[in-house]
Enquirer: 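Right, I'll just put the structure down here and ask away after.
Note that ligands are numbered from 1 as they come in the structure, with each ligand's atoms numbered from 1 the same way.
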Amino acid sequence: MKIGFGYDSHRFQPGRPLILGGVRIEHDRGLAGHSDADALLHAITDAILGGVGAGDLGELFPDSDPRWKDADSATFVAEAMKRAAEKGYAVANCDVTILTEQPKLLPYKPAIRANVAALLGVDAGAVSIKAKTNEGMGFVGRGEGLAVMAVVLLVEA
Ligand code: MG
């Protein structure tokens, strides 16, 4: 077994859609970024890559590359899964924590969970999506952006 950890944060930006875990979320702001800025899928991508020692998202998909402009971040997860599979590993489960003051994510958790499970090739029961505020502290507390942390367990496929 191998364990991987990933972290990502993005600044909020008006006029962009908010996409987390591949799910479009109603909010007055989205996230700034070169790709679709899906911080949740970026954290998961880094967790998978980290678990198998395959680098990180920034190395594989540099934001200087026009190919990744507005890219669907599911592409990054798929590539990380491929790199893991090449090393003989598949995801067993994934646990995610989203840190944001707004919007409230409770109504979206089931859809995010199902979507992430499909991307990782596991049952929804093997994916956990948790959301919490930062109690008003720091950049998350001030509503400047959001942050996501993810861990994945990888097992020999
Ligand atoms: Mg990112």
Side-chain angles (χ1 to χ4, degrees), residues 2-85 89 91 93-106 108-109 111-122 127-134 137-154:
K2 290 177 181 291
I3 191 164
F5 171 76
Y7 169 85
D8 196 26
S9 59
H10 280 250
R11 194 176 285 277
F12 280 120
Q13 181 179 310
R16 298 247 315 170
L18 178 58
I19 299 167
L20 285 174
V23 174
R24 173 76 184 259
I25 289 160
E26 285 305 315
H27 195 42
D28 60 352
R29 294 169 295 165
L31 295 172
H34 184 67
S35 66
D36 65 4
D38 190 329
L40 195 156
L41 294 189
H42 294 181
I44 289 176
T45 300
D46 264 351
I48 297 167
L49 293 173
V52 295
D56 66 30
L57 189 138
E59 289 173 25
L60 267 56
F61 311 103
D63 61 10
S64 54
D65 190 331
R67 268 185 302 170
W68 313 122
K69 178 95 181 88
D70 297 322
D72 180 346
S73 294
T75 307
F76 306 153
V77 176
E79 180 61 28
M81 294 279 289
K82 194 178 130 213
R83 304 265 173 142
Y89 285 88
V91 171
N93 79 298
C94 173
D95 186 17
V96 173
T97 297
I98 305 161
L99 295 166
T100 191
E101 302 294 321
Q102 291 290 334
K104 293 297 172 208
L105 296 171
L106 183 63
Y108 298 97
K109 283 183 186 173
I112 294 172
R113 193 179 191 195
N115 202 46
V116 168
L119 291 174
L120 299 180
V122 297
V127 174
S128 159
I129 304 294
K130 311 186 302 298
K132 59 200 299 154
T133 73
N134 216 33
M137 297 180 288
F139 73 89
V140 169
R142 291 188 296 272
E144 294 169 12
L146 61 71
V148 183
M149 292 179 269
V151 286
V152 297
L153 186 70
L154 297 139

Enquirer: Considering residues, nucleotides and ligands other than Lys82, do more than 12 of their heavy atoms fall under 6.0 Å from its NZ?
Expert: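 No, because the 6.0 Å sphere around NZ of Lys82 holds 12 heavy atoms or fewer from other groups.
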Enquirer: Do you know the tightest heavy-atom contact between Asp38 and Leu20?
Expert: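 For Asp38 versus Leu20, the nearest heavy atoms are OD1-CA, 3.4 Å.
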Enquirer: Which protein N, O or S atoms lie under 2.8 Å from the Mg ion (ligand 1), given by chain and residue number?
Expert: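 Within the sphere that stays under 2.8 Å of the Mg ion (ligand 1), the protein atoms of type N, O or S are Asp8 OD2, His10 NE2, His42 ND1.
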Enquirer: Within the supplied structure, the quantity of interest is the number of heavy atoms (other residues, nucleotides, ligands) at a distance under 6.0 Å from Glu59 CD; does it exceed 12?
Expert: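 Above 12, so yes.
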Enquirer: Distance alone, cut at 3.5 Å: any donor-acceptor contact between the side chains of Asp8 and His42?
Expert: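 Indeed, the side chains of Asp8 and His42 share at least one donor-acceptor pair under 3.5 Å.
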Enquirer: Measuring from Glu79:CD to Ser73:OG, what's the distance to the nearest 0.5 Å?
Expert: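 If I round to the nearest 0.5 Å, the distance is 13.5 Å.
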Enquirer: Between Arg24 and Asp36, is there a side-chain N and carboxylate O pair less than 4.0 Å apart?
Expert: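 No, no charged N to carboxylate O under 4.0 Å.
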